[in-house]
Amino acid sequence: MTTSEFQDAMEKANKRKKSASKAVETKYSNMNHSVQLFIDSITIKVLSDEELKTKALKAKQEWYQCHPCSLNGDWIDEPYMKNAYTANEETINRWIVNYIRHNLVSYDNFLGSIDGKVGSVEAYPEVKIAVLEKIANTYPKYKDECERQIFFVDFNADR
């Protein structure tokens, strides 16, 4: 440990650690900048309530038709034909908010663009909450559902 070779190696290792730490800091900073740019640019396509409900229910029904599910605890090969159109209002409102988030906002595209990058896991709750807040402002009818979803994002982020 007292040899000059060891001291040189330690000095080089410390420089590499410092450089790596700075690189990670820069990546977090870039992620925060990207997130803020996305949040500032969020726009939501506005549809009539009737069209929104129709599209959300159609999308959910199509999802049911494409995904096998469990029937009495046993997985079945063919889709079990649930009927999205018979869901209660609370469930439909959840689907509508989700439809808006995934189809009327560039949310999925943005999440795909940051996937796997340094800071993306920490950015996800911030992005989801910002989108839900914008949905609540654009579609006040679904404000309660947006707030409910925000609560669960916050709740899970604190764990």
Side-chain angles (χ1 to χ4, degrees), residues 1-49 51-69 84 87 90-159:
M1 289 174 54
T2 58
T3 65
S4 63
E5 292 86 14
F6 183 82
Q7 294 300 322
D8 288 344
M10 282 298 291
E11 188 176 323
K12 287 178 184 177
N14 286 333
K15 284 181 182 178
R16 283 193 306 272
K17 285 180 187 178
K18 188 174 181 181
S19 293
S21 180
K22 179 111 172 100
V24 169
E25 257 182 59
T26 300
K27 289 177 181 184
Y28 271 108
S29 177
N30 290 343
M31 178 60 68
N32 289 336
H33 181 69
S34 294
V35 166
Q36 195 55 56
L37 285 175
F38 173 73
I39 289 171
D40 291 344
S41 73
I42 295 171
T43 57
I44 299 175
K45 186 175 178 183
V46 177
L47 303 177
S48 70
D49 196 45
E51 184 178 10
L52 187 58
K53 184 175 181 179
T54 299
K55 287 182 178 233
L57 287 172
K58 181 177 184 248
K60 190 61 173 183
Q61 189 63 41
E62 287 172 357
W63 187 90
Y64 281 151
Q65 291 171 342
C66 294
H67 291 82
C69 62
E90 183 179 308
T91 300
I92 291 172
N93 287 347
R94 185 178 77 247
W95 293 341
I96 288 172
V97 168
N98 292 342
Y99 179 84
I100 295 167
R101 184 164 39 92
H102 292 288
N103 296 282
L104 304 183
V105 179
S106 59
Y107 174 78
D108 290 329
N109 290 336
F110 178 73
L111 292 181
S113 75
I114 66 169
D115 186 44
K117 294 182 179 176
V118 172
S120 61
V121 172
E122 296 83 355
Y124 173 76
E126 181 181 359
V127 170
K128 186 172 184 179
I129 288 169
V131 170
L132 288 167
E133 288 172 343
K134 296 257 183 163
I135 292 170
N137 288 332
T138 305
Y139 289 97
K141 178 177 181 177
Y142 304 106
K143 183 179 182 206
D144 289 344
E145 176 55 28
C146 290
E147 288 175 351
R148 188 192 71 77
Q149 290 190 26
I150 288 169
F151 170 81
F152 284 105
V153 172
D154 280 340
F155 177 78
N156 289 323
D158 289 341
R159 292 179 150 208

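Because only heavy atoms are used, hydrogens play no part in the values below, and waters and symmetry mates are left out as well, while side chains stay in. Note that the structure is predicted; figures quoted are calculated from it, not measured. Positions are given from 1 along the sequence.
- Considering V97, I96, I150 in turn, V97 is the only one that fulfils the side-chain contact (heavy atoms from CB on, under 4.5 Å) rule with E145.
- One distance of note links CG of N93 with NZ of K141; it measures 6.5 Å at 0.5 Å rounding.
- A salt bridge does not link E90 to R94: none of the charged nitrogens lies less than 4.0 Å from a carboxylate oxygen.
- Of the inter-residue distances, the one linking L132 atom CG with F151 atom CZ reads 14.0 Å to the nearest 0.5 angstrom.
- A donor-acceptor contact shorter than 3.5 Å links the side chain of S34 to the backbone of N30.
- For the pair D144/E147, a side-chain contact is recorded, criterion being any heavy-atom separation below 4.5 Å from C-beta on.
- With hydrogens and angles disregarded, a donor-acceptor distance shorter than 3.5 Å links the side chain of N14 to the backbone of M10.
- Partners of F110 under the ring pair (Phe, Tyr, Trp, His ring centres under 6.0 Å) rule, at least two apart in sequence or in another chain, are F38.
- Inspection of the E126 and N32 side chains reveals no N or O donor paired with an N or O acceptor under 3.5 Å.
- For the atom pair Q7 CD and T2 OG1, the distance stands at 7.5 Å (nearest 0.5 Å).
- With hydrogens and angles ignored, the 3.5 Å screen pairs no side-chain donor or acceptor of S29 with any backbone N or O of E25.
- When the shell of 6.0 Å around NZ of K53 is examined, it contains 12 or fewer heavy atoms from other residues, nucleotides or ligands.
- Side chains of Q36 and D40: a donor-acceptor N/O pair is present below 3.5 angstrom, by distance only.
- The shortest side-chain heavy-atom distance between I135 and Y107 does not fall under the 4.5 Å cut-off.
- Atom CD1 of I42 sits about 7.5 Å away from atom OG of S106, to the nearest 0.5 Å.
- In this structure, the side chains of K60 and I92 stay at 4.5 Å or more apart for every pair of heavy atoms.
- The side-chain heavy atoms of L47 and K55, taken from C-beta on, include a pair separated by under 4.5 Å.
- Atom-to-atom distance recorded for E62:CD and K58:NZ is 4.0 Å, nearest 0.5 angstrom.
- Within the structure, ring pair (Phe, Tyr, Trp, His ring centres under 6.0 Å) contacts touching residues 114-137 (residues at least two apart or in different chains) do not occur.
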